[in-house]
Number of protein chains: 2
Amino acid sequence: MIKKKKDIRREFIIGEAAKLFKQKGYGGTSMRDLAEQVGLDAASMYHYIKSKDEILQGICFDIANTYVSQLTEIENATQSYSQKLKALVRLHIHLMTTKGPEVSVANNEWKSLSPEALTEFKSLRSQYEKRLAALIEAGAEAGEFQQVNTSVALFTLLSAIRWVELWWKPDRGITTEELENSILTILFQGLEKK
Amino acid sequence: MIKKKKDIRREFIIGEAAKLFKQKGYGGTSMRDLAEQVGLDAASMYHYIKSKDEILQGICFDIANTYVSQLTEIENATQSYSQKLKALVRLHIHLMTTKGPEVSVANNEWKSLSPEALTEFKSLRSQYEKRLAALIEAGAEAGEFQQVNTSVALFTLLSAIRWVELWWKPDRGITTEELENSILTILFQGLEKK
DNA sequence: TAATAAATCAAATGTTCGTTTGAATTTTTA
DNA sequence: TAAAAATTCAAACGAACATTTGATTTATTA
């Protein structure tokens, strides 16, 4: 037996929690709300999860680790810095369209992590930003990018795509391909026509 | 007597609330936290404010109204659509550097508004987005912008600058002028060097 | 200075929260 | 089918919350 029924239930609870946390915030979601969503009494959920905080940790660190491993792959690829950056932006967008609630929670609710988890999470994020900044810096030195402040470029890129996690639904009348292309056009070519 | 002492106290409380709401979230900030911050007993604060929700409303709608009136001014100005859009982005950035906590709260904590206020707030935001979308649409038809989906352009622009409200401090070693110029360069010229 | 108004807070109210306990029920195993 | 294990929930716990009450202190006014 590879995956126990208990684990499946547990994952279901965490998935529903992600949806609720995205919708109403971590603080705004009670364990009783979550219990109702999964069709259990609140007390019963504690057979599958240890605490509310553990759920949030699961979501946040799962996403954080995904981001880190994607960045590592790109760092090791042989492409121009411009291509690397574009590929990374695509991966970010893709993750938002496939794991919307989880990404949303990791991006917006991490402040509610317990103190120890919070420290660890901020450290992970800081490392990620440093490595990404290095990529931008290298690209600028290679003459591939405009001369703009690295931090500004870093945060503008990361921030510019954040709306996707809130906006994207399968029925928006736009494919993920179009979505990615439009965003990449604005960020790398600029909105203004030359 | 133009401004009563009571009103000044009230505004101070709301200002401190904005800082705390930004830092710890609306749900994560108790009235006791806020009382300690302003140097009063929790009960005493109720001489100056009606409720916690009223504070949040004050912050959110103050910012929302500022955005709307700024947009109205720009709509009525005689400039190219490109100039209008750039001016608006500058105003957004400027508001973040001058009213950081309030903008942060209006952007991140509006979900905690009471049901009626929430409806009103979402309506205001939706109107704002529609008018901004119309500006982008018009600029595209005038041939000033690249051919990208209007919603994508709209949200990418608005989202791209959101990090400023969290990042900007007077001692970041960058003037607001440089900050605005760098961001505008990326968004309108693109990060890639041609 | 005496009367009045404003400001303060100790104490309590009722509610909601995350979580635990312990017993009942259902499912699995031998 | 009997014993063991897993699952469920009713009930309750203590803590934290926003807010109210009522009395006390401080400032203002006549």
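As a basis for the values below, the full set of heavy atoms in this structure was taken, side chains included, without hydrogen atoms, waters or symmetry mates. What you are looking at is a predicted structure, and each value in this text was computed from that prediction instead of being measured. Protein chains get the first letters and strands the later ones, always in sequence-line order, with residue 1 at the start of each.
- Note on B:E192 versus A:K86: salt bridge recorded, some NZ/NE/NH1/NH2 to OD/OE distance being below 4.0 Å.
- Put simply, NZ on A:K6 is 14 Å from C1' on C:dT27, counting in whole angstrom units.
- The minimum heavy-atom distance between B:H47 and B:K6, with the atom names listed, is O-CE, 3.0 Å.
- A:T72 and A:R131 form a side-chain donor-acceptor contact under 3.5 Å, judged by distance and modelled atom types alone.
- In this model, the phosphate group of D:dT7 is not approached by any side-chain N or O of A:S44 to a distance below 4.0 Å at OP1 or OP2.
- One atom, OH of B:Y46, and another, C1' of C:dA6, lie 19 Å apart when rounded to the nearest Å.
- Using a 4.0 Å cut-off, some side-chain N or O of A:Y48 falls inside it from OP1 or OP2 of D:dT8.
- Nucleotide D:dC17 holds its C1' atom 12 Å from the CE atom of B:M45, rounded to whole Å.
- The NE2 atom of B:H47 sits 8 Å away from the P atom of C:dT8 (whole-angstrom rounding).
- In this structure, the CG atom of A:D41 is 17 Å from the P atom of C:dA23, given to the nearest Å.
- A cation-pi arrangement is not found for B:R162 relative to A:W163, the charged atom failing to lie both closer than 6.0 Å to the ring centre and inside a 45° cone about the ring normal.
- When each of D:dT21, C:dT20, D:dT19 is scored by its nearest atom to the side-chain atoms of A:A43, the top-ranked nucleotide is C:dT20.
- Residue contacts for A:S30: at a heavy-atom cut-off of 4.0 Å it reaches the sugar-phosphate backbone alone, with no base atom in range.
- Between B:R10 atom CZ and C:dT8 atom C1' the separation is 19 Å, expressed in whole Å.
- Nearest nucleotide to the side chain of A:M31, out of C:dT19, D:dC9, C:dA7: C:dT19.
- Atom CG in B:L34 sits about 14 Å away from atom C1' in D:dC17, given to the nearest Å.
- The residue among A:I49 and B:L40 whose nearest nucleotide of DNA chain C is located toward the 5' end is B:L40.
- Look at NZ on A:K52: it is 8 Å from C1' on C:dC17, rounded to the nearest Å.
- Checked for salt-bridge contact, A:R10 and A:E54 meet the test: a charged N lies under 4.0 Å from a carboxylate O.
- With hydrogens and angles ignored, a donor-acceptor pair under 3.5 angstrom links the side chain of B:R32 to the base of D:dA18.
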